[in-house]
Amino acid sequence: MSPPRGGIEPSSASYVRGSIFMAKYPFREIEKKWQERWERDKTFKSVEDPAVPREKRRYVLDMFPYPSGDGLHVGHPEGYTATDIYCRYLRMNGYNVLHPMGFDAFGLPAENHAIKTGTHPSVTTHASIERFRAQIKSLGFSYDWDREIATCESDYYKWTQWIFLKLFERGLAYESDMPINWCPSCKTGLANEEVKDGACDRCGTKVTRKRIRQWVLKITAYADRLLSDLDLVEWPEAVKLMQRNWIGRSEGASVVFGIEGGTETMEIFTTRPDTLFGVTYMVLAPEHPLVHDITTKAQHEAVEAYVVAAAGKSDLERTDLAKDKTGVFTGAYAINPVNGRRIPVWISDYVLISYGTGAIMAVPAHDERDWDFAKVFGLPILQVVAKEGSPEAKIGTCGDPDECFTEEGVAVNSGDFSGLGTADFKQAIVAWLEKRGIGKRAVNYKLRDWLFSRQRYWGEPIPVVHCPSCGIVPLPESELPLLLPEVKSYAPTGTGESPLANIPEWVNTTCPKCGGPAKRETNTMPQWAGSCWYYLRYLDPRNGAAFASKESLEYWMPVSLYVGGAEHAVLHLLYSRFWHKVLFDLGAVGTPEPFMRLVNQGMILGDDNQKMSKSRGNVVNPDEIVREFGADSMRVYEMFMGPLEVSKPWATSGLVGVSRFLEKVWALGERFGEDSASAAPPAELRKLLHKTIKKVTGDTATLNFNTAISAMMIYANELGRLETPPRALWEPFVLLLAPYAPHLAEELWERLGSGGPASTLARETWPSFDEALCADEEKEIVVQVNGKIRDRFVAPAGTAEPELQATALARPKVKEWTDGAVVAKVIVVKDKLVNIVVTKI
RNA sequence: GCGAGAGUGGUGGAAUGGCAGACACGCCAGACUUAGGAUCUGGUGCCCCCGGGCGUGAGGGUUCAAGUCCCUUCUCUCGCACCA
């Protein structure tokens with residue numbers, strides 16, 4: 001292939017129609033050629049070679065995409081490019097690398113599109129997958145495509161269903177008919193994690209409350225391990241913190257209060273058992289079962305009205321912090337176990353039925369929310385904690401407080417406990433309560449069980465049947481996969497029933513246990529189900545007997561590096577960890593955590609610094625970029641924009657700069673000729689080469705791609721100054737560039753005559769550097785007087801401090817600043833600087 | 001409100017406590033050119049009496065030396081938000 005030089009005819013393949021831009025190098029031919037060759041030769045196929053020691057294996061994973069109808073946007077390739085560069089770098093360093101790609105293919109967008117257009121979601125999903133795959137391939141990523149998976153394929157979701165059965169067997173999947181978050185637009189229930197600011201995370205519609213039968217996964221049973229095992233993984237602290245906050249562990253005590261004149265008792269959870277003497281009222285959530293039992297006749301009507309009103313409110317209305325507290329007195333009184341005091345029991349929607357016991361002891365003096373409530377209803381406020389060292393703390397008693405004090409301090413007005421510090425009091429009172437059997441140490445979590453069923457069509461059917469005589473019966477494993485049936489209408493019913501409920505021939509079945517007539521479960525699984533374990537299927541994607549063989553699990557797991565967007569910090573990453581731990585307990589996987597290291601790539605914003613969106617009209621289409629500038633330019637630009645982890649705006653002008661760099665490299669390759677082989681490399685450039693190898697090696701290994709590219713640009717610029725680049729300076733550079741611009745590098749490598757038609761540089765040895773050559777023989781020494789730079793001179797590297805000091809002090813320019821002053825101190829930093837501290841006379 | 005992160009030229013961004021602004025875009029000047037989002041060379045933080053002075057959101061502090069460490073404060077982004 002002889003590239004055109006100078007003028008290019010419009011008919012040339014390098015001419016891009018609709019653009020006045022003309023490439024100097026034929027990236028389109030080059031990229032096509034190498035992509036075809038990699039595919040033909042299966043260059044990036046991963047094999048479990050037992051000869052490769054464990055420390056030379058890496059599993060590098062991208063968060064797989066949901067193939068939407070819109071195709072890829074420029075944000076997708078950012079993470080994919082990062083992992084691809086890293087994988088190519090690892091292979092050149094002798095690692096055996098597993099780097100797969102697949103598709104998260106069940107989900108609502110395809111189903112909604114199907115309803116609108118009448119095309120089956122399976123058809124649109126497969127079309128989208130085709131499109132995504134082609135787009136991803138156009139960027140030249142080194143995936144092992146033989147391991148591609150799609151979560152909507154029955155040989156994949158067979159194992160999603162299998163894992164569900166395991167969860168069910170272990171009592172981790174159960175039915176419930178609690179009120180749930182319901183999205184009226186998506187017409188399905190949502191998990192807590194899918195609700196953001198009271199709205200559906202997907203479509204933004206305000207969620208309502210609905211009571212329907214649901215499948216729920218007992219993720220709370222793993223709360224403690226999900227929390228503590230965060231210490232095992234190398235993840236961004238921000239993500240760990242988000243998960244810790246989401247799990248929300250809090251330690252305290254549960255305390256039982258008796259009800260006056262009755263046998264009922266009321267259990268509450270508190271993190272401040274040291275404030276028990278300050279309880280002036282109690283509050284039950286409106287849904288609390290005790291409400292009906294203890295409400296007095298006189299209060300019955302008011303209470304009933306409040307309960308009905310609360311039930312009709314959305315969570316958002318109930319949890320709006322700005323609104324005033326509301327509530328109703330039940331007429332009942334509880335007895336404070338620590339002092340026998342009689343305290344009124346109220347109901348209010350500021351107490352949540354789903355946390356703790358759904359009931360609280362109210363200590364208005366030391367809790368903002370109780371304070372607000374007490375102020376609204378004129379309830380007494382009794383201070384029982386005083387600031388350490390305050391006069392109240394000393395005398396152990398005090399008057400009415402005029403503000404709420406929520407910090408720790410010293411107990412007052414607390415009987416024998418007065419004078420104790422908060423921490424000591426907590427220990428003492430828990431012991432006191434435990435001795436009397438009316439309370440104990442307790443731990444509570446914000447984390448709720450995971451609402452797992454969706455009232456929609458395009459998802460994995462839940463593999464259980466409902467039998468009138470046997471109850472809920474799981475399908476035997478041999479009946480998996482339970483296929484998603486073809487339907488004529490997959491429109492959601494909106495009633496809380498899945499469209500599957502309308503297919504009698506599918507719903508009506510026989511009970512696997514008793515053989516009698518039974519009905520299939522008609523809810524489907526949420527989109528998260530398939531993505532919970534896909535990283536395991538890549539290990540052994542065609543295995544019909546297990547989700548993955550023991551050998552493949554043992555060979556590759558855990559994932560060494562996982563790259564994806566921060567939006568999954570809680571959702572996918574928490575769910576996935578949960579399933580993995582269940583599989584670990586089953587002995588099905590060998591590691592407690594799936595993803596050892598996690599990196600979140602930053603978002604690529606539009607050139608207006610706003611989130612890319614169709615409505616803003618600032619979306620950049622990667623296809624156009626690849627067509628006009630080539631995949632290599634796209635890859636290198638996305639990595640050159642800035643650090644991987646931060647958000648940064650797209651600027652096509654910046655892309656042009658990168659494109660020019662690659663063109664310069666191509667032109668350098670053109671200049672490389674016969675005489676290059678023997679040309680002696682200039683010493684300075686040889687040093688620069690070794691410095692560049694060192695910099696690019698270090699920066700690639702640590703994913704600091706932007707500075708690695710900068711180093712390569714500097715080197716290419718210097719190399720460009722030479723008449724003919726010597727081979728010894730050129731070859732290693734081509735290898736350094738290879739992970740970043742693989743198509744261009746392969747072509748240049750081939751032109752170097754390095755191999756036959758089947759060859760590739762994908763497994764060539766990464767260049768090494770000579771540390772001695774990276775060091776400068778001469779150093780520029782900066783001379784400061786009182787911290788300001790006044791002069792500089794060159795000294796041999798390693799010159800001793802006293803010598804540097806003497807040289808600096810003798811410099812005429814320095815003397816101008818030190819004359820007529822007393823040199824108080826001289827600081828010398830070897831190879832760097834001399835700072836002369838003077839005091840004026 | 002609570003928690004986390006970030007503020008550096010006209011722009012994206014570089015800087016183990018030791019030359020602030022690498023690299024790139026843009027801009028200016030020149031060269032080459034029928035032409036150009038082409039190429040090459042040089043310049044480009046601000047002010048200036050051309051000696052120098054000032055500069056990393058603002059204000060303080062530690063240090064011989066601070067973009068970097070500490071305190072205060074402002075702004076922006078993200079997460080959580082009556083979880084007792």
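First the proteins, then the strands, lettered A, B, ... as listed; each starts at 1.
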Trainee: Please round to the nearest 0.5 Å and tell me the distance separating atom OG of Ser348(A) and atom OH of Tyr306(A).
Mentor: 4.0 Å
Trainee: Just call it for Ser354(A): base, sugar-phosphate, or nothing, with non-hydrogen atoms closer than 4.0 Å on any strand.
Mentor: nothing
Trainee: Kindly say if Tyr350(A) contacts the phosphate of rA84(B), meaning a side-chain N or O under 4.0 Å from OP1 or OP2.
Mentor: no
Trainee: Quickly work out the Asn835(A) CG to rC19(B) P distance and round it to whole Å.
Mentor: 11 Å
Trainee: Can you check the distance between rA20(B) and rG7(B), where both ends of the measurement are the C1' atom (answer in whole Å)?
Mentor: 16 Å
Trainee: With rounding to whole Å, what would you report as the distance between rU72(B) and rU8(B) at their P atoms?
Mentor: 22 Å
Trainee: According to the Watson-Crick and G-U wobble definitions, with both distances under 3.5 Å, which nucleotide is paired to rA20(B)?
Mentor: none
Trainee: Say you pick atom P in rC54(B) and the same atom in rG67(B); how far apart are they, in whole Å?
Mentor: 13 Å
Trainee: So does Arg209(A) pair up with Glu287(A), basic N to acidic O under 4.0 Å?
Mentor: yes
Trainee: Can any side-chain N or O of Gln243(A) pair as donor or acceptor with the backbone N or O of Ala569(A) at less than 3.5 Å?
Mentor: yes
Trainee: Quick check on RNA chain B: between Gly356(A) and Glu193(A), whose nearest nucleotide comes earlier from the 5' end?
Mentor: Glu193(A)
Trainee: If we take the P atom in both rU44(B) and rG57(B), what is their distance in whole Å?
Mentor: 24 Å
Trainee: Start at the 5' end of RNA chain B and walk down; is the nucleotide closest to Asp197(A) or to Ser250(A) reached first?
Mentor: Asp197(A)
Trainee: What's the OH-P distance between Tyr740(A) and rC23(B), to the nearest Å?
Mentor: 18 Å
Trainee: With the side chain of Ser710(A) defined as its heavy atoms from C-beta on, choose the nearest nucleotide among rG3(B), rC23(B), rA84(B).
Mentor: rC23(B)
Trainee: Which nucleotide in the set rG3(B), rC82(B), rA24(B) lies at the smallest distance from any side-chain heavy atom of Phe640(A)?
Mentor: rA24(B)
Trainee: Quick one: does Lys832(A) reach the base of rC19(B) with a side-chain donor-acceptor pair under 3.5 Å?
Mentor: no
Trainee: Name the orientation of the base relative to the sugar in rG21(B): syn if the glycosidic angle is within 90° of 0, else anti.
Mentor: anti
Trainee: What is the distance, rounded to the nearest whole Å, between atom CG of Leu833(A) and atom P of rA66(B)?
Mentor: 12 Å
Trainee: Heavy atoms under 4.0 Å, any strand shown: does Val829(A) hit a base, just sugar-phosphate, or nothing?
Mentor: base
Trainee: Under a 90° cut-off about 0 for the syn range, is rG9(B) syn or anti?
Mentor: syn
Trainee: Would you call Lys240(A)-Asp231(A) a salt bridge at under 4.0 Å N-O?
Mentor: no
Trainee: Counting only Watson-Crick or G-U wobble pairs whose two distances fall under 3.5 Å, which nucleotide matches rC54(B)?
Mentor: rG45(B)
Trainee: Among rG37(B), rA84(B), rC19(B), which is the nearest nucleotide to the side chain of Arg660(A)?
Mentor: rG37(B)
Trainee: Among rA84(B), rA81(B), rA4(B), which nucleotide has an atom closest to any side-chain atom of Ala238(A)?
Mentor: rA4(B)
Trainee: Quote, to the nearest angstrom, the P distance that separates rC32(B) from rC40(B).
Mentor: 16 Å
Trainee: Determine the Euclidean distance between corresponding C1' atoms of rG17(B) and rC25(B); express it in Å to zero decimal places.
Mentor: 31 Å
Trainee: Out of rA4(B), rA15(B), rG53(B), which has the shortest distance to the side chain of Thr707(A)?
Mentor: rA15(B)
Trainee: How is Glu780(A) classified with respect to the nucleic acid when contacts are heavy atoms under 4.0 Å: base, sugar-phosphate, or nothing?
Mentor: base
Trainee: Which is true for Lys648(A) with a 4.0 Å heavy-atom rule: it touches a base, it touches only sugar-phosphate, or it touches nothing?
Mentor: sugar-phosphate
Trainee: Taking Glu670(A) first and then Lys664(A), would you say they form a salt bridge - that is, a charged N and a carboxylate O separated by under 4.0 Å?
Mentor: no
Trainee: Tell me which nucleotide, if any, is Watson-Crick or G-U wobble paired with rA31(B) when both distances must be under 3.5 Å.
Mentor: rU39(B)
Trainee: From the options rU39(B), rA14(B), rA84(B), select the nucleotide whose nearest atom is closest to the side chain of Phe269(A).
Mentor: rA84(B)
Trainee: Round to the nearest Å and state the distance from Leu571(A) atom CG to rC78(B) atom C1'.
Mentor: 15 Å
Trainee: In whole angstrom, what separates Leu688(A)'s CG from rA22(B)'s P?
Mentor: 17 Å
Trainee: Using a heavy-atom cut-off of under 4.0 Å over every strand shown, decide if Asn717(A) touches base, sugar-phosphate, or nothing.
Mentor: sugar-phosphate
Trainee: Give Glu368(A) one of three labels, base, sugar-phosphate or nothing, depending on what nucleic acid heavy atoms sit under 4.0 Å from its own.
Mentor: nothing
Trainee: Looking across every strand, which nucleic acid part, if any, lies under 4.0 Å from Ile827(A) by heavy atom: base, sugar-phosphate, or nothing?
Mentor: base
Trainee: I want to check a possible cation-pi pair here: Arg577(A) against Trp235(A), using under 6.0 Å from ring centre and within 45° of the ring axis as the test.
Mentor: yes
Trainee: So what does Phe661(A) hit on the nucleic acid, given a heavy-atom distance under 4.0 Å: a base, only sugar-phosphate, or nothing?
Mentor: nothing
Trainee: With a 4.0 Å cut-off on heavy atoms, is Arg792(A) in touch with a base, just the backbone sugar-phosphate, or nothing at all?
Mentor: base
Trainee: Using a cut-off of 4.0 Å on non-hydrogen atoms, how would the nucleic acid contact of Asn786(A) be classed: base, sugar-phosphate, or nothing?
Mentor: nothing
Trainee: Taking the side chain of Phe629(A) as its heavy atoms from C-beta onward, which of rA24(B), rG37(B), rC82(B) lies nearest to it?
Mentor: rG37(B)
Trainee: Looking only at side-chain atoms of Asn706(A), point me to the closest of rA84(B), rG12(B), rG13(B).
Mentor: rG13(B)
Trainee: Taking atom C1' in both rU11(B) and rA22(B), compute the distance separating them and give it to the nearest angstrom.
Mentor: 16 Å
Trainee: Could you check which nucleotide pairs with rC82(B) in any of the strands shown, counting Watson-Crick or G-U wobble with both distances under 3.5 Å?
Mentor: none
Trainee: By nearest atom, which of the nucleotides rA84(B), rG52(B), rC25(B) is closest to the Arg790(A) side chain?
Mentor: rG52(B)
Trainee: What residue among Lys813(A), Gln784(A), Lys815(A), Arg811(A) forms side-chain hydrogen bond (donor to acceptor under 3.5 Å, both in side chains) with Asp791(A)?
Mentor: Arg811(A)
Trainee: For rA65(B), give the paired nucleotide (Watson-Crick: N1-N3 plus N6-O4 or O6-N4; G-U: N1-O2 and O6-N3; both under 3.5 Å), or none.
Mentor: none
Trainee: rG79(B) C1' sits how many Å from Arg244(A) CZ, rounded?
Mentor: 15 Å
Trainee: Identify whether the distance between the nearest side-chain nitrogen and carboxylate oxygen of Arg244(A) and Glu237(A) falls below 4.0 Å.
Mentor: yes
Trainee: Ignoring hydrogens and angles, answer whether the base of rU39(B) and the side-chain atoms of Lys664(A) contain a donor-acceptor pair closer than 3.5 Å.
Mentor: no
Trainee: Just to be sure I understand the rule, does Val351(A) reach a base, reach only the sugar-phosphate, or reach nothing, if contact means heavy atoms closer than 4.0 Å?
Mentor: base
Trainee: Looking at every strand, decide which applies to Lys788(A) at a 4.0 Å heavy-atom threshold: base, sugar-phosphate, or nothing.
Mentor: sugar-phosphate
Trainee: Scan every strand shown for a Watson-Crick or G-U wobble partner of rG10(B), both distances under 3.5 Å, and answer none if you come up empty.
Mentor: rC25(B)
Trainee: Rounded to the nearest angstrom, tell me the gap between atom CE in Met713(A) and atom P in rG13(B).
Mentor: 15 Å
Trainee: Check whether any side-chain N or O of Tyr281(A) sits under 3.5 Å from a backbone N or O of Asp370(A) as a donor-acceptor pair, and report yes or no.
Mentor: yes
Trainee: Considering only rG3(B), rC19(B), rG37(B), which nucleotide approaches the side chain of Ile789(A) most closely?
Mentor: rC19(B)
Trainee: Heavy atoms only, 4.0 Å cut-off, all strands: where does Ile360(A) land among base, sugar-phosphate and nothing?
Mentor: base
Trainee: Taking Glu771(A) first and then Lys694(A), would you say they form a salt bridge - that is, a charged N and a carboxylate O separated by under 4.0 Å?
Mentor: yes
Trainee: Could you check how far CZ of Phe705(A) sits from C1' of rA14(B), rounded to whole Å?
Mentor: 17 Å
